[in-house]
Number of protein chains: 2
Amino acid sequence: MSVLSTPSASLNWREQSGCLYHDLRVRLRNAGLRPTRQRVGLGWLLFARGDRHLTAEGLYEEASKARVPVSLATVYNTLHQFTEAGLLREVAVDGAKTYFDTNTTQHHHFFVEGENRLLDIEGQEIEVATLPAIPDDMEIVRVEVVVRLRRKEV
Amino acid sequence: MSVLSTPSASLNWREQSGCLYHDLRVRLRNAGLRPTRQRVGLGWLLFARGDRHLTAEGLYEEASKARVPVSLATVYNTLHQFTEAGLLREVAVDGAKTYFDTNTTQHHHFFVEGENRLLDIEGQEIEVATLPAIPDDMEIVRVEVVVRLRRKEV
DNA sequence: TTACGTGCAAATAATTTGCAGTCCC
DNA sequence: GGGACTGCAAATTATTTGCACGTAA
């Protein structure tokens, strides 16, 4: 499997040139985002390795290691721009930090307490059977399920 | 219905004297917490009006209005002590703030985007049909469902 | 009395913002 | 060239902590 061809990373691409770097730039431009050095660098880190759950701080550290010159403020800005453009999804779990998920398809999450790790639950593996009535003037944006896990006592 | 006799507020009380103030003190002591002026004051605000979803800041404001002399730091400490003692439940939703729920029974939540409001979904109204396999060395702590709502466009 | 609590202010932690300078198209 | 983007540092927001003082048992 090509590094940029995971389902969620490739789903809406308009072009597939075979050059992954070029494809990323096209993808950004299609999202209305100028493919600047830092956006391409961060996009590469985010989308080139399959589905990931990252915090801003985490991505910033990866960028440093990968010699992508970027400031923490720009990492925050970029993550929000990517989210707005539909390339990422913000995930709400316990804890102060915000996680960003490269898998934007319908799915849910495991959250490992203590380790603060997020794992995908694929769409079919969980199912919400019945939904309660909601007020007339409201509509459902999304249903989020978080299964909290803990490492068993030994 | 007596103000201190909502299901979740009265569930585990050992004594019911008829004096709600006294009952609260007993409840705190049973939880291993000395019934100090601020704990009783905050407990009163939390448990005397049915199920509530409050942030630390929100409770602090209520306390000010109710002339309960307490500092914001103590509100935070008290909320965490109550949570540890099982009198409250922390709820993880989007946004930076932490919510505390006086309903500690099994149930889920609506979250109204924009208004940042939390509403209970009673246990029977929603149902998770199938759960995915989890690693051998893990156990499920809790399954949390958040149904995000948005006010309809007019 | 005396350990447990509390208030205050300072410390953290995560995130956002303002603005001068830089870079893509 | 010009507007979009970025870096930096300072500002915000939510929360925690350290320590002198107060209070319930």
Checklist outcome for this item: Expected list for residues 66-85 of chain A near DNA chain C, using heavy atoms below 4.0 Å, is L72(A), A73(A), Y76(A), N77(A), H80(A)
Checklist entry - Taking the nucleotide of DNA chain D with the closest heavy atom to each, which residue, G32(A) or A96(B), is nearer the 5' end? => result G32(A)
Checklist entry - So does R52(B) pair up with E62(B), basic N to acidic O under 4.0 Å? => result yes
Checklist entry - Taking the side chain of T98(A) as its heavy atoms from C-beta onward, which of dC23(C), dG5(C), dT15(C) lies nearest to it? => result dT15(C)
Checklist entry - Taking side chain as C-beta onward, heavy atoms only, is M138(A) less than 4.5 Å from R151(B)? => result yes
Next on the checklist: Can you confirm whether the side chains of H53(B) and D120(B) place a donor and an acceptor under 3.5 Å from each other?
Outcome noted: yes
Item to check | Closest-nucleotide ordering on DNA chain D, the 5'-leading residue of R29(B) and K97(B) | outcome: K97(B)
Checklist entry - So does R37(A) have more than 12 non-hydrogen atoms from other groups sitting under 6.0 Å from CZ? => result no
Checklist entry - Just to confirm, is there a sub-4.0 Å distance from OP1 or OP2 of dG7(D) to any side-chain nitrogen or oxygen of Q38(A)? => result yes
Checklist outcome for this item: Closest non-hydrogen atoms of F110(A) and L149(A), given as atom of the first, atom of the second and distance, are CD2-CD1, 3.6 Å
Item to check | Sub-4.5 Å side-chain heavy-atom contact between Q81(A) and L33(A) | outcome: yes
Item to check | Distance below 4.0 Å between T55(A) side-chain N/O and dA14(C) OP1 or OP2 | outcome: no
Next on the checklist: Taking Watson-Crick (N1-N3 plus N6-O4 or O6-N4) and G-U wobble (N1-O2, O6-N3), each under 3.5 Å, can you produce the dot-bracket string of DNA chain C? Use [ ] for crossing pairs and | for inter-strand ones.
Outcome noted: |||||||||||||||||||||||||
Next on the checklist: For Y76(B) and H80(B), take the angle between the two ring planes, folded into 0 to 90°, and tell me which bin it lands in: parallel under 30, tilted 30 to 60, perpendicular over 60.
Outcome noted: tilted
Next on the checklist: Of the options dC25(C), dT6(C), dC23(C), whose atoms approach the side-chain atoms of P35(A) most closely?
Outcome noted: dC25(C)
Next on the checklist: Is R39(A) close enough to dC24(C) that one of its side-chain N or O atoms is under 4.0 Å from OP1 or OP2 there?
Outcome noted: no
Item to check | Set of residues satisfying salt bridge (charged side-chain N to carboxylate O under 4.0 Å, His left out) with respect to E139(B), sequence neighbours excluded | outcome: R150(A)
